[in-house]
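Just so it is clear, the values below take in all heavy atoms, side chains as well, and ignore hydrogens, waters and symmetry mates. Every number for a ligand or one of its atoms is a count from 1 in the order of the listing.
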Amino acid sequence: MVLSAAETAAVVRLAHEERVAVTPRGLGTGLAGGSVPVQGGILISTELMNRVLEVDANNLMVRTQPGVRTAHLQQACAEPGLYYPVDPASLDDCSIGGNVATNAGGARAYKYGVTGDYVRGIEAVLADGSIIRYGGKLHKNVTGYDLNKLLIGSEGTLGIITEIIFKLVPKPRYQVDVLVPFNRIEQGVELCLRVIRDSRLMPAVVEFIEQGGIAACNQVLGTCLPFADAAVQVLIELEGNDRQQVLNECVLLGETAMQLGAREPLVADNPTDQERLWTARRSIAKTLKQIYPQVTAEDIVVPLAELPATVELVAGLQQKYGVPIVPFGHIGDGNIHVDICRTISDDADWQRVRSAVVDELVDLVLARGGQITAEHGIGSAKRHLMKRALGPAELDVMRRLKHALDPEGILNPGKVLPEQE
Ligand SMILES: Cc1cc2nc3c(=O)[nH]c(=O)nc-3n(C[C@H](O)[C@H](O)[C@H](O)COP(=O)(O)OP(=O)(O)OC[C@H]3O[C@@H](n4cnc5c(N)ncnc54)[C@H](O)[C@@H]3O)c2cc1C
C-alpha cells in the first residue's frame, strides 16, 4: 500500500529497472478483472491514499487522493453545498481513482455525464517512475495533448493516478423519483425513449429494472421494490430548484406513462422513500450474485434507437438458452447491463452456454452500431473481444501509445489490449 506519489514512483522505478509487472488497485470492485495481477509481480494499492485534500468552493473544484471512496467524496463536497454527481452503484465501496481509471458512469450519467467529464487535473506516475501533472483548477484547457483524457479509462495500463482535481456543480434543490411499472417490457422501453426524445424533460436518471432484477432484490433484501409482478419498472428522477415545476413535470411524466399503459406510478419525494428505492436499484448486481453461484456481467451500449430491438434480443436469448438473463441499468444512455446467471451445474455445459450467449449478444450489438462496454471496461475479462470490437488500425494506435509510455510493458500487463499473434 502506498501513501504518496513519491512512494509510488519509487516502487515503480524499481519495478521498471527489474522488469517486474505492476498492477494498480483501488478498492477491487471492478467488474472486468482490471486490478487482478494476472501476471504476478507487484500490486500497488491506493487504499491508504484516502484523503480529500481540498474542497475549493470559490473555484467549484475538489482536489483528492485516489483511494477516497466515491460516496465520501460526494459527502465532502455536499458540506459547502456543492455536488459531485457521478454515482456508480458501487459508490460506497469503490475508489475515486478506480472511477477515473475505468471512466465510471452511474445512474445520473444521463444528465450529468461520467467521471471523465469532471476531471480537470491529474497527477500520475508513469511506467518509468516519472511523475506528471496535467491541468488544474481550470474549467477549460487545451494546452497541448490532453493528458487527462489519455489516462481516463486507461485501466491502470498507462499510469498510476495519485491525485485528481474534479470540477463540481451546484445541486438542484428538489429531487423527485418516479417508479413506473409496466406489464410489458416494450412499454417501459418506449417510455424511456419518449421521455428522452419527445417530452422536453431533462431527468437526472432514466433507469430500468426488469422482472429478474426486481425479484432478486425482493428475495434478498425483503420486499423493497413495490410492483413485484411487473415485467419492468422504469425509474425516472426529475429535479430542479422550483418545487412546483418539478411536480408539474412529474404530472407530465405520469400522463405519458399512462398513455403507454403503465400501472399507477409510485412517487418518492422524501429522503426515506428515495433511499429505499435507490438501495434496491443499487443492489441488483449484488443480489443476483447472492442468488446464483456465478454471474457473467455484460455491459453493452447501443444507439438509443436500437434499444427496443436490443431488449427484445436479450429476452430471446433467455428463451433460446434457458438460463436467466437479467437486463437492467442505464437505459437513458443506451447502456444495458446484461447479467447471465448460472443455473447449469456441469462446468463444461455452463461454459458452452455462457460463451454462446455472449457471442450472440456481442455480434448483434456490434451489428447495430453498439459497443461491448460502456462503463465497466475491458480489463482481462473482455480482452478477447477487442479484435471484434475495434479495427486493426485503431488497435494499432492503442498499441503504439502503450509502447511509447510503457515500452517494457510492466504496467498492468494482460489487460485491455488483446494478445498479439
Ligand atoms: C455492485 C457493483 C456495482 C457497480 N456499479 C457500477 C456503476 O454503476 N458504474 C460503473 O461505472 N461501475 C460500476 N461498478 C464497477 C466498479 O465499481 C467500477 O469499475 C469502479 O470504478 C472500480 O473502482 P475500484 O476502486 O474498485 O477499482 P479497482 O477494481 O481496484 O480497479 C479497477 C481498474 O482501475 C485501475 N486502477 C484503480 N485505481 C487506479 C489508480 N489510482 N491509477 C491507475 N489505475 C487504477 C485498476 O488497475 C483496474 O484496471 C460496479 C461494481 C459492483 C461490484
Please output the side-chain donor-acceptor pairs of residues 24-38 that fall under 3.5 Å, not counting sequence neighbours, one pair per line with the distance.
from  : atom 1 : to    : atom 2 : distance (Å)
Arg25 : NH1    : Ser35 : O      : 3.3
Arg25 : NH1    : Ser35 : OG     : 3.2

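- Judged by distance alone, the side chain of Asn103 and the main-chain N or O of Gly116 form a donor-acceptor pair under 3.5 Å.
- Annotation: ligand 1 has protein neighbours Pro24, Arg25, Gly26, Leu27, Gly28, Thr29, Gly30, Leu31, Gly34, Ser35, Thr46, Pro66, Pro88, Ala89, Ser90, Cys94, Ser95, Gly97, Gly98, Asn99, Ala101, Thr102, Ala104, Gly105, Glu155, Gly156, Gly159, Ile160, Ile161, Lys286, His330, Glu375, His376, Asn412, each with a heavy atom less than 4.0 angstrom from the ligand.
- For the pair Lys415 and Glu155, the salt-bridge criterion is not met [side-chain N within less than 4.0 Å of a carboxylate O].
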Check residues 91-99 and write down every donor-acceptor pair under 3.5 Å in which the side-chain atom is one partner and the other belongs to a residue at least two apart or another chain.
from  : atom 1 : to     : atom 2 : distance (Å)
Asp93 : OD2    : Lys286 : NZ     : 3.4
Ser95 : OG     : Gly98  : N      : 2.9
Asn99 : OD1    : Thr70  : OG1    : 2.7
Asn99 : ND2    : Ser95  : O      : 3.2

Please report the C-alpha distance between Ile214 and Gln233 in whole Å, then the side-chain angles of each, then the deciding distance to 0.1 Å, and finally whether the side chain to side chain contact (heavy atoms under 4.5 Å, CB included) criterion is met. CA-CA 8 Å; Ile214 304 169; Gln233 306 189 1; 3.4 Å; yes
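- Screening residues 130-151 for ring pair (Phe, Tyr, Trp, His ring centres under 6.0 Å), with sequence neighbours left out, gives no hits.
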